[in-house]
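The structure under discussion appears below in the form of structure tokens.
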Amino acid sequence: MDYRRCGNSGIELPILSLGMWHNFGDVDNFSTARSMVLTAFDNGLCHFDLANNYGPSPGSAEITLGRILQGDLNSHRDELFISTKAGHTMWPGVYGGNSSRKNLIASCNASLKRAKLDYFDIFYTHRYDGVTPIEETAQALIDLVHSGKALYVGVSKYPAEQQQQMYKLLSEANVPCLASQYRYSMFDRSAADENFQLAVDNNSGIVVFSPLAQGLLTNKYFNGIPDNSRAAKSTGFLQVEQVTEAKVEAARKLNVIAESRGQTLAQMALAWILTDKRVTSVIIGASSSSQLKSNLGVLNSPEFTDDELNAIQAIINNIPE
């Protein structure tokens with residue numbers, strides 16, 4: 001496994017991290033989840049990414065990891081880097097899903113209990129809610145660090161203006177933003193310029209999620225929507241209408257390039273993201289240990305030629321909206 005320095009800190013993160021957004025809830029098979037976590041750890045993926053609402057049901061992904069930590073990895077806690085987030089709806093009522101101090105502090109406390117941890121390595125504000133003053137959110141993060149419940153803090157999906165404000169407030173309190181998390185893939189590059197550059201300019205690491213566009217950057221949808229796919233699940237975040245013919249056709253064209261490189265499309269999509277040296281780590285998901293191992297093949301990726309990069313750019317630049 002290769003590691004990259006995370007911002008201006010002593011932390012290095014693996015270039016691939018295991019995300020627990022899908023397939024780790026109480027509706028999923030625990031043995032499969034356990035196998036994926038242990039496979040990840042055995043291959044150097046020491047960073048596990050959670051959020052309080054991951055499941056389904058909400059909170060159950062943290063419970064799943066807590067069970068695995070207690071049963072298999074308890075003696076390896078200091079070798080692990082575990083992150084969680086709060087800010088999306090988690091429980092009923094007006095306090096259950098925003099960026100307020102009440103929600104963030106309560107969420108962190110509840111997440112620690114579910115994951116059976118004394119602290120998180122990094123705690124993110126999961127979103128800017130458009131209402132809570134940035135100063136309030138920042139102070140909650142600062143206090144979580146001062147209380148020892150989080151070693152570092154981060155921001156996720158913040159608009160550029162609020163992202164910059166958060167960096168400033170945290171830096172002034174000597175609790176700098178360790179990592180900034182954004183959606184990024186060949187099919188969604190909107191964060192690459194403004195958000196990425198703000199992170200770099202403020203010495204924050206960049207962690208990206210949904211690198212395979214929820215499975216669109218695989219061969220899964222080449223012949224329709226499989227019954228076991230994310231788009232077919234009522235609990236999934238990929239909707240059927242997002243599986244457009246234009247994106248499927250672009251994926252087919254990209255797959256031709258991937259095959260010529262001796263890679264799967266997923267491996268090439270991950271390798272393409274990692275050509276951007278600003279990116280610290282790419283969060284990958286998996287539904288099985290074999291799928292996870294396949295994605296680890298990106299570690300042996302050949303260098304891209306200029307012709308390959310130009311061909312990829314031409315394809316992804318011409319996908320109709």
Side-chain angles (χ1 to χ4, degrees), residues 1-8 12-17 19 43-45 47 160 179-222 242-286 291-321:
M1 177 61 65
D2 294 327
Y3 299 81
R4 291 182 180 179
R5 184 74 57 190
C6 191
N8 183 25
E12 290 181 291
L13 293 180
I15 59 173
L16 299 178
S17 301
N43 284 276
L45 276 76
H47 176 208
S180 303
Q181 196 170 125
Y182 286 92
R183 184 190 309 272
Y184 185 62
S185 72
M186 288 177 169
F187 285 173
D188 187 350
R189 293 162 288 150
S190 58
D193 295 324
E194 192 167 27
N195 299 115
F196 279 20
Q197 197 53 50
L198 278 176
V200 171
D201 292 344
N202 287 274
N203 298 311
S204 178
I206 297 170
V207 178
V208 304
F209 66 94
S210 293
L212 304 182
Q214 296 292 305
L216 288 174
L217 285 163
T218 69
N219 62 4
K220 184 175 293 184
Y221 298 101
F222 285 2
Q242 293 174 283
V243 187
T244 65
E245 182 54 38
K247 286 184 176 177
V248 172
E249 182 57 29
R252 291 193 187 102
K253 292 177 180 177
L254 291 167
N255 191 54
V256 173
I257 300 173
E259 288 180 341
S260 72
R261 288 169 48 82
Q263 293 182 302
T264 66
L265 175 54
Q267 289 169 347
M268 187 181 78
L270 295 172
W272 179 84
I273 291 175
L274 290 166
T275 61
D276 190 333
K277 299 305 180 184
R278 298 176 299 179
V279 172
T280 309
S281 187
V282 180
I283 296 172
I284 59 173
Q291 186 184 73
L292 177 59
K293 289 176 181 177
S294 176
N295 286 341
L296 289 173
V298 70
L299 301 174
N300 301 313
S301 293
E303 292 290 326
F304 284 98
T305 66
D306 289 342
D307 286 344
E308 288 171 338
L309 289 173
N310 289 336
I312 290 169
Q313 206 67 31
I315 294 168
I316 61 181
N317 281 348
N318 287 285
I319 302 172
E321 293 295 332

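Inter-residue side-chain proximity for L13 and V207 is flagged as met; some heavy-atom pair is nearer than 4.5 Å. Contact of the T280 side chain with the R5 side chain is not registered, since no non-hydrogen atoms from C-beta on lie closer than 4.5 Å. For the pair M186/M268, a side-chain contact is recorded, criterion being any heavy-atom separation below 4.5 Å from C-beta on. Within the 4.5 Å cutoff, the side chain of L265 has heavy atoms near those of the F222 side chain. I315 has its side chain within reach of I257: a pair of non-hydrogen atoms, C-beta onward, lies under 4.5 Å apart.
No side-chain N or O of S185 forms a donor-acceptor pair with one of S210 less than 3.5 Å apart. A donor atom on one side chain and an acceptor atom on the other are found under 3.5 Å apart for S301 and Q263. No side-chain donor-acceptor contact under 3.5 Å links Q291 and N295. In summary, the side chains of N195 and R183 do not present any donor paired with an acceptor at a separation below 3.5 Å, with no hydrogens or angles considered.
Under a 3.5 Å cut-off, the side chain of E259 and the backbone N or O of V256 do not form any donor-acceptor pair. No donor-acceptor pair under 3.5 Å is formed between the side chain of R4 and the backbone N or O of S281. One N or O on the side chain of N318 and one on the backbone of A314 form a donor-acceptor pair closer than 3.5 Å. Between the side chain of R189 and the backbone N or O of I316, at least one donor-acceptor pair lies under 3.5 Å. With hydrogens and angles ignored, the 3.5 Å screen pairs a side-chain donor or acceptor of Q267 with a backbone N or O of S294. Under a 3.5 Å cut-off, the side chain of N202 and the backbone N or O of S204 do not form any donor-acceptor pair.
Taking each heavy atom of L217 and P211 in turn, the nearest pair found is CD1-O, 3.7 Å. In plain terms, the two heavy atoms of G205 and C6 that are nearest each other are CA-SG, 3.9 Å.
Between F196 and Y184, the gap from one ring centroid to the other is short of 6.0 Å.
Both tests pass for R261 against the ring of F304: distance under 6.0 Å to the centre and angle within 45° of the axis.
Heavy atoms of other residues, nucleotides or ligands lying less than 6.0 angstrom from CD of E249 number more than 12. Around atom CD of E303, no more than 12 heavy atoms belonging to other residues, nucleotides or ligands sit under 6.0 Å away.
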Criterion side-chain contact (heavy atoms from CB on, under 4.5 Å) on V282 and I15, from CA distance to verdict: CA-CA 6 Å; V282 180; I15 59 173; over 6 Å; no
Pair M1-N43, side-chain contact (heavy atoms from CB on, under 4.5 Å): steps then yes or no: CA-CA 7 Å; M1 177 61 65; N43 284 276; 5.6 Å; no
Residue pair V200, Q197: steps toward the side-chain contact (heavy atoms from CB on, under 4.5 Å) verdict: CA-CA 5 Å; V200 171; Q197 197 53 50; 3.9 Å; yes
Audit row: L254, W272, side-chain contact (heavy atoms from CB on, under 4.5 Å) steps and yes/no: CA-CA 11 Å; L254 291 167; W272 179 84; over 6 Å; no
